[in-house]
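Data first, discussion second: the structure below is written as structure tokens.
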Amino acid sequence: MPPGPVAAALAGSGAHPLTGSAPLPRGFFDRPAHEVAPDLLGRVLVHGPVALRLTEVEAYGLPGQDPAAHTYRGMTPRNAVMFGPPGHLYVYFTYGMHFCANLVCLPEGTGSGVLLRAGEVIAGAEVALARRGAGTGRAVPGRELARGPARLAVALGFAREDNGRDACSPGAPDGADPAAARGGAGWLAVLEGEPPAPGLVRSGPRTGVSAGKETPWRFWIDGDPTVSPYRVHVPRRPRDAAAPADRRPE
DNA sequence: GGCTCGATGAACT
DNA sequence: GTTCATCGAGCCG
């Protein structure tokens with residue numbers, strides 16, 4: 001389909017053709033993560049054909065200060081993106097099977113960000129559905145499409161190659177033609193969207209973390225069905241319980 | 001070099 | 001409610 005007049009007009013502003021919403025400026029992320037996080041609710045994250053309205057996020061703080069943060073012990077090859085400039089995407093692999101995505105906060109060299117925990121898919125639901133249902137053969141209800149950080153990453157199609165990408169200068173992955181890719185495969189942006197009424201923003205302890213649970217840096221939109229259920233951290237059970245060592249006959 | 005466990009999700013009882 | 005899949009980062013020796 002050739003670009004219509006609306007898409008053509010938006011092309012100059014950087015606004016996204018699916019939503020008409022403009023990208024957030026980089027300065028938005030140049031603040032502490034716990035200030036950025038509640039402001040991210042209601043914003044729209046776009047990756048290729050899928051757009052998602054954020055309904056739940058968690059802030060992770062500074063190296064040496066927030067024991068729950070990946071950056072707590074300083075910079076490593078894995079978390080280096082978190083120490084880069086704000087407004088970039090930090091995608092990491094966890095539990096041997098899941099990807100999760102953060103948006104980097106504060107100036108380069110600092111090391112904090114906001115984990116994207118859940119959202120409502122507002123465009124490209126059929127693509128998200130296909131990704132989420134792939135391999136399982138099960139139908140996924142709409143509200144479950146991006147309910148939880150790993151599900152969100154799957155719905156948006158985030159993977160290793162998206163780690164470090166700039167979400168404040170909307171565009172396609174390196175090498176692709178930005179004009180041709182606008183609104184298409186790989187196009188990444190965080191858009192203004194529509195923030196919820198301040199009274200609807202709630203906060204509480206972060207989900208599933210083993211340290212720093214007392215810090216109420218999880219933020220969500222009250223009553224939204226796409227917000228993931230709260231889970232306390234459960235220490236892993238020792239493996240030796242399953243060991244086949246003991247088969248004496250008596 | 002080896003071991004532990006994690007910002008999880010899906011299947012199962 | 002409980003169990004398990006699965007692998008990489010980080011810590012320990």
Side-chain angles (χ1 to χ4, degrees), chain A residues 32-34 36-38 40-41 45 54-83 88-105 111-119 121 128-129 131-164 203-220 226-244:
Chain A
H34 66 275
V36 172
L40 272 174
L41 297 173
L45 183 60
L54 292 169
T55 58
E56 182 189 356
V57 296
E58 281 177 3
Y60 286 86
L62 299 173
Q65 295 184 19
D66 182 1
H70 277 191
T71 58
Y72 181 59
R73 293 179 183 84
M75 187 164 74
T76 67
R78 181 205 203 190
N79 66 24
V81 169
M82 287 279 264
F83 290 83
H88 285 239
L89 200 61
Y90 167 49
V91 178
Y92 68 91
F93 188 61
T94 190
Y95 287 94
M97 65 199 85
H98 298 303
F99 287 101
C100 297
N102 294 241
L103 286 166
V104 177
C105 295
S112 77
V114 176
L115 171 70
L116 311 177
R117 287 198 57 88
V121 174
L129 198 59
R131 287 171 175 157
R132 289 273 288 107
T136 68
R138 290 159 61 98
V140 180
R143 69 181 58 180
E144 301 277 332
L145 272 177
R147 190 176 188 229
R151 293 165 168 182
L152 180 149
V154 170
L156 281 169
F158 285 146
R160 237 177 277 275
E161 59 266 27
D162 295 302
N163 186 37
S203 69
R206 292 171 293 188
T207 301
V209 302
S210 54
K213 351 171 148 41
E214 65 286 346
T215 311
W217 279 1
R218 173 177 175 247
F219 302 90
W220 68 95
T226 63
V227 173
S228 63
Y230 177 76
R231 294 200 307 206
V232 297
H233 174 76
V234 182
R236 226 169 80 139
R237 176 178 130 254
R239 280 184 319 169
D240 54 342

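Numbered from 1 within each chain, the chains take letters A, B, ... in sequence-line order.
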OP1 or OP2 of [N] less than 4.0 angstrom from a side-chain nitrogen or oxygen of [X], does that happen here?
{"X": "A:His70", "N": "B:dA7", "answer": "yes"}
{"X": "A:Arg132", "N": "B:dA10", "answer": "yes"}
{"X": "A:Arg117", "N": "B:dT8", "answer": "yes"}
{"X": "A:Thr76", "N": "C:dG10", "answer": "yes"}

For [X], which contact category applies under a 4.0 Å heavy-atom criterion: base, sugar-phosphate, or nothing?
{"X": "A:Arg78", "answer": "sugar-phosphate"}
{"X": "A:Ala150", "answer": "sugar-phosphate"}
{"X": "A:Tyr95", "answer": "base"}

Salt bridge (Lys or Arg N to Asp or Glu O under 4.0 Å) partners for A:Glu56, two or more places apart
A:Arg117, A:Arg218

Could you work out, with salt bridge (Lys or Arg N to Asp or Glu O under 4.0 Å) as the rule, every residue matching A:Glu161, not counting sequence neighbours?
none

Taking ring pair (Phe, Tyr, Trp, His ring centres under 6.0 Å) as the definition, give me every residue that meets it alongside A:Trp217, ordered by chain and number, with sequence neighbours left out.
A:His34

Can you identify which nucleotide, out of C:dT6, B:dA7, B:dG9, has its nearest atom closest to the A:Met97 side chain?
C:dT6

Atom-pair distance ([atom1] on [X]; [atom2] on [N]), nearest Å:
{"X": "A:Glu144", "N": "B:dA11", "atom1": "CD", "atom2": "C1'", "value": "14 Å"}
{"X": "A:Leu103", "N": "B:dA7", "atom1": "CG", "atom2": "P", "value": "18 Å"}
{"X": "A:Met75", "N": "C:dA9", "atom1": "CE", "atom2": "P", "value": "15 Å"}
{"X": "A:His98", "N": "B:dA10", "atom1": "NE2", "atom2": "P", "value": "7 Å"}
{"X": "A:Phe158", "N": "B:dT8", "atom1": "CZ", "atom2": "C1'", "value": "17 Å"}
{"X": "A:Phe93", "N": "C:dT6", "atom1": "CZ", "atom2": "P", "value": "11 Å"}
{"X": "A:Arg231", "N": "C:dT2", "atom1": "CZ", "atom2": "P", "value": "13 Å"}
{"X": "A:Phe99", "N": "C:dT6", "atom1": "CZ", "atom2": "C1'", "value": "13 Å"}

Check side chain to side chain contact (heavy atoms under 4.5 Å, CB included) between A:Phe83 and all other residues, then give those that pass, not counting sequence neighbours.
A:Pro63, A:Thr71, A:Met75, A:Asn79

Every stem of 3 or more Watson-Crick or G-U pairs under 3.5 Å that DNA chain B joins, in order of first number, is B:1-6 with C:7-12, B:8-12 with C:1-5

Side chain to side chain, A:Trp220 and A:Glu58, heavy atoms closer than 4.5 Å:
no

Ignoring hydrogens and angles, are the base of B:dA7 and the side chain of A:Tyr92 linked by a donor-acceptor pair under 3.5 Å?
yes

Between the base of C:dA9 and the side chain of A:Asn79, is there a donor and acceptor pair under 3.5 angstrom?
no

What distance do A:Phe99 atom CZ and A:Leu152 atom CG have between them, rounded to the nearest 0.5 Å?
14.0 Å

For A:Asp66, side chain to side chain donor-acceptor pair (under 3.5 Å) partners two or more places apart:
A:Arg206

With no hydrogens and no angle check, is any side-chain donor or acceptor of A:Arg132 less than 3.5 Å from a backbone partner on A:Ala128?
no

